[in-house]
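Down below is the structure, laid out as C-alpha cells.
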Amino acid sequence: MEIQTRIFLYLSVLSLLPMGQALAQQKDIHDMEIKPEIQVQVRDIAHFESDILTAQKKGLQYLPQTMQTKNILGWRFLDRNSQSVGKIVDVLLDIRTGDFRKIKVAPDRLNFVGPLYFDMKAQNIEIEDSVIRCDMDKRQIQDSQLDLGKAPEDMTEMVSLKSLSGSLVYDRDGVLAATVRGAFGMEKDHKITYLDTVLAQTRQGIAIPLNQIKIVQQNGLLGIHLTDEQLAVMKRLAK
C-alpha cells in the first residue's frame with residue numbers, strides 16, 4: 001500500500017477518536033512520515049526491481065562477455081608467462097559486493113600438497129578471455145606454496161561462488177522460496193552481480209542482484225533470505 005494511502009486511512013480513523021487519544025496518535029503518524037527506514041525500504045525495493053529488469057532487458061546472462069559460474073569453475077589459471085598452473089575450482093567473493101577476493105586453484109603439478117589461494121590484489125590477478133592469470137612465475141609459486149596453500153580462516157566477509165550455486169532461498173518464515181542454479185557477472189568488472197534462481201512453486205527463472213540480498217552462513221551451511229517485498233517482485237517478474 002502506498003504510504004500516502006496509509007496516512008489517509010490513518011487520519012480517517014483519528015477523526016473517530018477522543019481528542020486526547022487523537023493527539024497522541026497524530027504524533028505517531030508524524031513520526032511514521034519522517035522515519036528514514038521507511039524511505040530506505042521503498043528505495044531498496046525499487047532498486048531491486050530495477051536491477052532485475054535491467055538484466056532481463058539486456059539479456060545479461062546470455063552476452064558473450066558474461067562470466068557464469070559453470071564456466072568460471074573450470075577455467076585455467078596461468079602464471080605471468082601464460083603457463084598453466086592449474087584449474088579454478090572456486091572463487092571467494094566479497095559477501096557485500098560480489099567482487100572477486102581470492103581464486104582457489106587445483107594445481108596441475110603433483111608436488112603441490114593441495115589447493116592454492118591467490119589474492120586478487122596481492123597477486124595482481126587479471127581476467128581475460130576465459131582465463132585468469134597472476135603476476136608470479138611458476139618458480140615463485142612453487143617457493144610460496146606454503147603461504148598460498150593456506151585457506152582463509154575468516155570467511156565472515158567472503159562467500160564461496162561454488163557454494164552459492166545450488167544454495168537455497170528462503171522467505172521471511174523460513175519456507176523454501178527458490179533455488180540458485182548459478183551466478184553471473186560481466187568479465188570486465190571482476191565480480192558476480194546476479195544470482196540465477198528458480199522459484200520453488202512455479203519453476204520459473206529469474207536473476208536477482210547479489211548485493212541486495214541477505215546471505216547467512218552458519219555451521220558450514222549457506223542460505224539466502226528474502227523479504228516479502230523482494231519475493232513479491234520476483235514472482236511478478238519471473239519468466
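Heavy atoms only: backbone and side chains are in, while hydrogens, waters and symmetry mates are out. None of these values were measured; they are calculated from a predicted model.
Taking CZ from Arg101 and NZ from Lys191, the interatomic distance works out to 12.5 Å, rounded to the nearest 0.5 Å. Taken to the nearest 0.5 Å, the CG atom of Asp79 stands 5.0 Å off from the CG atom of Asn81. To the nearest 0.5 Å, atom CG of residue Asp90 and atom OG of residue Ser160 are 3.5 Å apart. Atoms CD1 and CD, from Ile127 and Glu187 in turn, are 7.0 Å apart once rounded to the nearest 0.5 Å. Taking CG of Asp94 as the start and CG of Leu210 as the end, the distance is 9.0 Å to the nearest 0.5 Å. Of the inter-residue distances, the one linking Ser50 atom OG with Ile45 atom CD1 reads 12.5 Å to the nearest 0.5 angstrom.
Within the 4.5 Å cutoff, side-chain heavy atoms of Leu116 are placed close to those of Pro107. Two residues are said to be in side-chain contact when any heavy atoms from C-beta on lie closer than 4.5 Å; Val91 and Lys102 fail this criterion. Using a 4.5 Å heavy-atom cutoff, the side chains of Leu78 and Ser84 are in contact. For the pair Val198/Ile206, no side-chain contact is recorded, criterion being any heavy-atom separation below 4.5 Å from C-beta on. Between Ile208 and Tyr194, the closest side-chain pair of non-hydrogen atoms is not below 4.5 Å. Counting heavy atoms from C-beta outward, Asp137 and Arg80 have side chains that approach closer than 4.5 Å. Residues Trp75 and Val89 form no side-chain contact, since every pair of their non-hydrogen atoms from C-beta on lies 4.5 Å or further apart. Side-chain contact between Val131 and Phe77 is absent, with no heavy-atom pair separated by less than 4.5 Å.
No path of Ile, Leu, Val, Met, Phe, Trp and Tyr side chains, each step under 4.5 Å between heavy atoms, connects Leu161 with Leu92, placing them in separate hydrophobic clusters. Linking ILVMFWY side-chain heavy atoms closer than 4.5 Å, directly or via other members, places Ile215 and Phe100 in a single hydrophobic cluster. A chain of hydrophobic side-chain contacts below 4.5 Å, direct or via other Ile, Leu, Val, Met, Phe, Trp or Tyr residues, connects Val159 to Ile213. Criterion: ILVMFWY side-chain heavy atoms under 4.5 Å apart, direct or through other members. Under it, Met67 and Met186 are not part of a common hydrophobic cluster. Put simply, Leu53 and Phe184 are part of two different groups of oily side chains (I, L, V, M, F, W, Y) that touch within less than 4.5 Å, one to the next.
The backbone N or O of Leu237 sits less than 3.5 Å from a side-chain atom of Gln56, completing a donor-acceptor pair. For Asp173 (side chain) and Val175 (main-chain N/O), no donor-acceptor pair under 3.5 Å exists by modelled atom type. In this structure, Thr227 contributes its side chain and Gln230 its backbone to a donor-acceptor pair below 3.5 Å. Judged by distance alone, the side chain of Ser165 and the main-chain N or O of Arg181 form no donor-acceptor pair under 3.5 Å.
A donor atom on one side chain and an acceptor atom on the other are found under 3.5 Å apart for Arg133 and Ser82. No side-chain donor-acceptor contact under 3.5 Å links Gln212 and Asp44.
Partners of Asn211 according to the side chain to side chain donor-acceptor pair (under 3.5 Å) rule, which considers only residues two or more places apart in sequence or in another chain, do not exist here.
Between Lys138 and Asp108, none of the side-chain N atoms (NZ, or NE/NH1/NH2) sits under 4.0 Å from a carboxylate O, so this pair counts as no salt bridge. A salt bridge links Glu49 with Arg236; the closest basic N to acidic carboxylate O contact falls under 4.0 Å.
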Run the numbers on Val216 and Tyr170 for side-chain contact (heavy atoms from CB on, under 4.5 Å), then give the verdict.
CA-CA 11 Å; Val216 177; Tyr170 300 97; over 6 Å; no
Does Asp99 form a side-chain contact (heavy atoms from CB on, under 4.5 Å) with Leu93? I'd like the steps, not just the answer.
CA-CA 5 Å; Asp99 288 293; Leu93 310 172; over 6 Å; no
List the steps, then state whether side-chain contact (heavy atoms from CB on, under 4.5 Å) holds for Ile132 with Glu126.
CA-CA 6 Å; Ile132 299 181; Glu126 295 181 353; over 6 Å; no
side-chain contact (heavy atoms from CB on, under 4.5 Å) between Lys162 and Lys104, worked out:
CA-CA 10 Å; Lys162 185 177 181 180; Lys104 183 180 179 181; over 6 Å; no
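Minimum interatomic distance between Asp135 and Gln140 (heavy atoms only, all atoms of both residues): O-OE1, 4.1 Å. Closest approach of Ile95 and Thr156 over heavy atoms only: CG2-O, 4.0 Å. For the pair Lys235 and Gln201, the tightest heavy-atom approach, listed with the atom from each and the gap, is NZ-OE1, 4.5 Å. Here the shortest heavy-atom pairing between Lys150 and Tyr117 reads O-CD1, 3.7 Å. Taking both residues in full, the closest heavy atoms of Pro152 and Met158 are given as CB-CE, 3.8 Å, listed atom of the first, atom of the second, then distance. Contact detail for Leu222 and Ser167: the closest heavy-atom pair is CD2-CB, 3.5 Å.
With Val180 as reference, Ile224 is the one residue of Thr69, Ile224, Leu168 to meet the side chain to side chain contact (heavy atoms under 4.5 Å, CB included) rule.
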